[in-house]
Amino acid sequence: MVDLDQHIDEQSVRSLLKSVKDPEIPLLSIVDLGMLSSVEVNSDSRTLRVHITPTFVGCPAIDTIQTNVRECLSTLDSYTVEVVVDLATPWSSNRLTEEGRQALAAHGLALPPRFEGAFEPEILLNAECPFCHSTNTKLVSPFGPTLCRALYHCNSCLQGFEQFKAI
């Protein structure tokens, strides 16, 4: 439990939420995934409102993530915690932190390229192979085991691999 006199601010809540992992890629926190849209701390009413943006509308893990956020913040027993699914803030792979990108690579996923402006679907055509780093790759399916991943084949090393989608 947290001391009632301890000052709770947005940064301290964000630090706590670094321990909430994505259920599908447990090396990656929801903070590093860019799912944390905003944190509102009201010290007067002792309330916390955490807004999370799913990587895809209809993400099957969102209920689990909400529960995990509530459990993580339960140590702040003097605060009431509300977790809001924010569909108004669009998620983009550009929201991944550098730590998040490193965690994806450690998980064996090809990294989504960063992009500026409007997303162009052509960005999905040539992913960098996580095994040999060739870009001589072919998109096999835009949908992998989860909505946020696509399946590829590397023409250089002949390995199949997944890429966390750029969106």
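Heavy-atom basis, side chains included; hydrogens, waters and symmetry copies ignored.
- Interatomic distance, Gln163 CD to Tyr152 OH, rounded to the nearest 0.5 Å: 4.0 Å.
- Under the salt bridge (charged side-chain N to carboxylate O under 4.0 Å, His left out) criterion, no residue pair touches residues 53-75, with sequence neighbours excluded.
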- prompt: Taking it one step at a time, do Asp9 and Val41 satisfy side chain to side chain contact (heavy atoms under 4.5 Å, CB included)?
  reply: CA-CA 6 Å; Asp9 61 10; Val41 179; 5.5 Å; no
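- Heavy atoms of other residues, nucleotides or ligands lying less than 6.0 angstrom from CZ of Phe56 number more than 12.
- Under the side-chain contact (heavy atoms from CB on, under 4.5 Å) criterion, Pro130 pairs with Ala110, Phe161, sequence neighbours left out.
- Here the straight-line distance linking atom CG of Asn136 with atom OG of Ser156 works out to 4.0 Å at 0.5 Å rounding.
- Under the side chain to side chain donor-acceptor pair (under 3.5 Å) criterion, Gln11 pairs with no residue, sequence neighbours left out.
- Every residue two or more places apart in sequence or in another chain that forms a side-chain contact (heavy atoms from CB on, under 4.5 Å) with Arg49 is listed here: Glu40, His51, Glu82, Val84.
- Distance check: Leu104 CG to Arg149 CZ gives 9.0 Å after rounding to the nearest 0.5 Å.
- Under the 3.5 Å distance criterion, the side-chain polar atoms of Lys165 are matched with a main-chain donor or acceptor of Pro142.
- Within the structure, every pair that satisfies the side-chain hydrogen bond (donor to acceptor under 3.5 Å, both in side chains) test and touches residues 110-119, not counting sequence neighbours, is listed here: Glu98-Arg114.
- Here the CD-SG distance, from Glu162 to Cys148, works out to 9.0 Å after rounding to the nearest 0.5 Å.
- Legend: residues meeting ring-ring contact (aromatic ring centres under 6.0 Å, His included) with Phe115, ordered by chain and number and at least two apart, are Phe119.
- A search for side-chain contact (heavy atoms from CB on, under 4.5 Å) contacts involving Thr64 returns Pro23, Asn68, not counting sequence neighbours.
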What donor-acceptor contacts under 3.5 angstrom involve side-chain atoms of residues 24-39, with partners at least two apart or in another chain?
residue, atom, partner, partner atom, Å
Ser29, OG, Val31, N, 3.3
Ser29, OG, Asp32, N, 2.9
Ser29, OG, Asp32, OD2, 3.3
Asp32, OD1, Lys18, NZ, 2.9
Asp32, OD1, Thr97, OG1, 2.8
Asp32, OD2, Lys18, NZ, 3.2
Ser37, OG, Thr53, OG1, 2.2
Ser37, OG, Asp86, OD2, 3.3

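- Side-chain heavy-atom separations under 4.5 angstrom define the hydrophobic clusters, and the remaining members of the one that includes Val140 are Leu151.
- With sequence neighbours excluded, no residue forms a side chain to side chain donor-acceptor pair (under 3.5 Å) with Asn94.
- No side-chain heavy atom of Ser134 sits under 4.5 Å from any side-chain heavy atom of Asn155.
- Taking every heavy atom of both residues into account, Ile167 and Thr55 meet most closely at CD1-O, 3.6 Å.
- For the side-chain contact (heavy atoms from CB on, under 4.5 Å) test, residues two or more places apart in sequence or in another chain that qualify with Leu158 are His153.
- Side chains of Leu87 and Pro54 form a contact here, defined as non-hydrogen atoms less than 4.5 Å apart.
- With sequence neighbours excluded, the residues satisfying side chain to side chain donor-acceptor pair (under 3.5 Å) with Thr47 are Ser45.
- Between Leu111 and Glu128, the closest side-chain pair of non-hydrogen atoms is not below 4.5 Å.
- Note that the SG atom of Cys59 and the CG atom of Asp22 stand 7.0 Å from one another [nearest 0.5 Å].
- Side chain of Arg101 to main chain of Pro112: a donor-acceptor pair is present (N/O by atom type, distance under 3.5 Å, no hydrogens or angles).
- Looking at heavy atoms from C-beta onward, Thr80 lies out of side-chain contact with Leu48 at the 4.5 angstrom threshold.
- In this structure, Phe164 CZ and Thr146 OG1 are separated by 7.0 Å, a value rounded to the nearest 0.5 Å.
- Thr135 places no side-chain N or O within donor-acceptor distance of the main-chain N or O of Ala127, the cut-off being under 3.5 Å.
- Side-chain contact between Leu76 and Leu16 is present, with heavy atoms from C-beta onward closer than 4.5 Å.
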